[in-house]
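Structure record follows, encoded as structure tokens.
Computed from a prediction, not measured in an experiment: that's the story for all the values here. What you see below is based on every heavy atom in this structure, not just the backbone, and it leaves out hydrogens, waters and symmetry mates.
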Amino acid sequence: MIFEEKTISSEIVYEGPVFRIRKHMVETVNGGESARDIVEHSGGSILVAITDEGKVVMERQYRKAFEKALFELPAGKADPGEIPEVTAVRELQEETGYTAGSVKKLLTFYPTCGYSAETLHIYICRDLTLGEKHWDDSECIEIYEFYPDELIDMIMRNEIKDAKTIIGLLFARQAGEL
């Protein structure tokens with residue numbers, strides 16, 4: 001049987017605009033105590049947006065954590081209380097300018113379960129119509145379109161390093177969506 005840790009105490013030790021960190025003191029399997037720092041995040045949605053030509057819409061943007069620009073699927077953080085499909089539709093339009101005539105849930109996953117409570121949802125978006133982008137003031141995103149085989153090759157050459165993008169593309173391919 002799996003041991004479930006009992007929370008002895010819990011407090012928020014950091015609160016920022018994107019996430020907060022909660023420190024839990026827990027009872028461990030051997031009867032001792034240990035700290036568990038957990039990142040609390042509202043979650044988000046990732047979009048595998050497929051054009052009528054069969055291309056996948058991708059973004060390239062600078063990521064400070066790695067000091068370089070990365071290729072990623074369009075994605076965004078949920079607003080408080082927002083359901084994941086609404087996040088998906090909103091973020092696709094804001095970041096790429098596309099609206100989707102068809103949105104289908106593909107997968108829900110926990111990207112970093114060892115220290116984060118974030119939940120991500122991946123959607124397949126089809127029947128795209130191009131409109132205007134509505135980036136946040138701090139965003140600067142380049143939009144690209146690639147055929148699925150090109151993206152799989154980019155993953156295999158280690159040119160796509162973002163986990164949510166790799167998961168989304170490989171899962172969509174395996175599910176017969178790409």
Using every non-hydrogen atom in the two residues, find where [X] and [Y] come nearest and quote the distance to one decimal.
X    : Y    : value
C125 : A100 : CB-CB, 3.8 Å
E177 : I50  : O-CD1, 3.6 Å
M25  : E33  : CE-OE1, 4.0 Å
L120 : P111 : CD1-CG, 3.7 Å
L130 : T96  : CD1-O, 3.8 Å
I124 : A172 : CD1-CB, 4.0 Å

>> Angle between ring planes, F19 versus Y14, binned at 30° and 60°: parallel, tilted or perpendicular?
In response: tilted
>> In terms of relative ring orientation, are Y123 and H121 parallel, tilted or perpendicular, with 30° and 60° separating the classes?
In response: tilted
> So with a 6.0 Å cut-off around OH of Y144, is the heavy-atom count from everything else above 12?
Replying inline: yes
> For Q174, does the CD atom have more than 12 heavy-atom neighbours from other residues, nucleotides or ligands under 6.0 Å away?
Replying inline: no
Could you check whether any side-chain heavy atom of [X] comes within less than 4.5 Å of a side-chain heavy atom of [Y], counting everything from C-beta outward?
X    : Y    : answer
L151 : K55  : no
L47  : E91  : yes
E5   : H24  : no
L169 : I160 : yes
L73  : K164 : no

